[in-house]
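Everything on this sheet refers to the single structure shown next.
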Amino acid sequence: MADTETGEPPYLSPELLQDMAGTFGLLASTMRLHIVWVLAHGECDVGTIAAQVGGTVPTVSHHLAKLKLAGLVRSRREGRHQVYLVDDPHIVTIVRQMVDRIRDQTPGTRRRRGVGA
């Protein structure tokens, strides 16, 4: 999406780039990415999320706190439980697109973690 007159891409401020890098940085954690994936399919309490991602309740709670602080997830009280849900539908779209992209690649052509930074 380039400027039609100059052919240059639209300007991105350093602040916007910093915010973007921070969001992608949060999602660079395998556990947090998995949590967002689980929550993309419906609301869950911490115990249910922990069981689905193979983590402990304290570890998942820690990751949820980071995601909540960043505004990517939110929680609500339901009886004695905190129920978590994705607070930003755009993040769900990005994660789903990435899952589809990676799944569609031929296994031999997938880039490995840490390769090509």
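Shown here is Tyr11, whose OH atom has more than 12 heavy atoms of other residues, nucleotides or ligands within 6.0 Å.
Sorted by first and then second residue, the ring pair (Phe, Tyr, Trp, His ring centres under 6.0 Å) pairs involving residues 65-94 (not counting sequence neighbours) form an empty list. The side chain to side chain donor-acceptor pair (under 3.5 Å) analysis of residues 17-29, with sequence neighbours excluded, yields no pairs. Within the structure, salt bridge (charged side-chain N to carboxylate O under 4.0 Å, His left out) pairs that include any residue of residues 29-42 do not occur (at least two apart or interchain).
Evaluation of the ring pair (Phe, Tyr, Trp, His ring centres under 6.0 Å) rule for His41 yields Trp37 as partners, not counting sequence neighbours. Considering only residues two or more places apart in sequence or on other chains, Leu69 meets the side-chain contact (heavy atoms from CB on, under 4.5 Å) condition with none of them. Residues satisfying the side-chain contact (heavy atoms from CB on, under 4.5 Å) criterion with Ala21, sequence neighbours excluded, are absent altogether.
In the hydrophobic cluster analysis, where Ile, Leu, Val, Met, Phe, Trp and Tyr join through side-chain heavy atoms closer than 4.5 angstrom, Met31 is grouped together with Val36. Follow the hydrophobic side-chain contacts under 4.5 Å out from Leu26 and you reach Val38 in the same cluster.
Taking Ile, Leu, Val, Met, Phe, Trp and Tyr as members and joining any whose side-chain heavy atoms lie under 4.5 Å apart, directly or through other members, the hydrophobic cluster of Leu12 also contains Leu16, Leu17, Met20.
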Using atom types as modelled, flag every donor-acceptor pair under 3.5 Å from a side chain in residues 45-59 to any protein atom, sequence neighbours excluded.
unit_1: Asp45; atom_1: OD1; unit_2: Gly47; atom_2: N; d: 3.3
unit_1: Asp45; atom_1: OD1; unit_2: Thr48; atom_2: N; d: 2.8
unit_1: Asp45; atom_1: OD1; unit_2: Thr48; atom_2: OG1; d: 2.8
unit_1: Thr56; atom_1: OG1; unit_2: Thr59; atom_2: N; d: 3.2
unit_1: Thr56; atom_1: OG1; unit_2: Thr59; atom_2: OG1; d: 2.8

Less than 3.5 Å apart, which donor and acceptor atoms pair up between the side chains of residues 93-101 and the rest of the protein, not counting sequence neighbours?
unit_1: Thr93; atom_1: OG1; unit_2: Pro89; atom_2: O; d: 3.2
unit_1: Arg96; atom_1: NH2; unit_2: Ala40; atom_2: O; d: 2.8

Can you give me every donor-acceptor pair (side chain of residues 71-79, partner residue at least two apart or in another chain, under 3.5 Å) with its distance?
unit_1: Arg74; atom_1: NE; unit_2: Asp87; atom_2: OD1; d: 2.8
unit_1: Ser75; atom_1: OG; unit_2: Lys68; atom_2: NZ; d: 2.7
unit_1: Ser75; atom_1: OG; unit_2: Gln82; atom_2: NE2; d: 3.3
unit_1: Arg76; atom_1: NH1; unit_2: Glu78; atom_2: OE1; d: 2.9
unit_1: Arg76; atom_1: NH2; unit_2: Glu43; atom_2: OE1; d: 2.3
unit_1: Arg76; atom_1: NH2; unit_2: Glu43; atom_2: OE2; d: 3.4
unit_1: Arg76; atom_1: NH2; unit_2: Glu78; atom_2: OE1; d: 3.2
unit_1: Arg77; atom_1: NH1; unit_2: Arg80; atom_2: O; d: 3.4

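Contact of the Cys44 side chain with the Leu39 side chain is registered, since non-hydrogen atoms from C-beta on lie closer than 4.5 Å.
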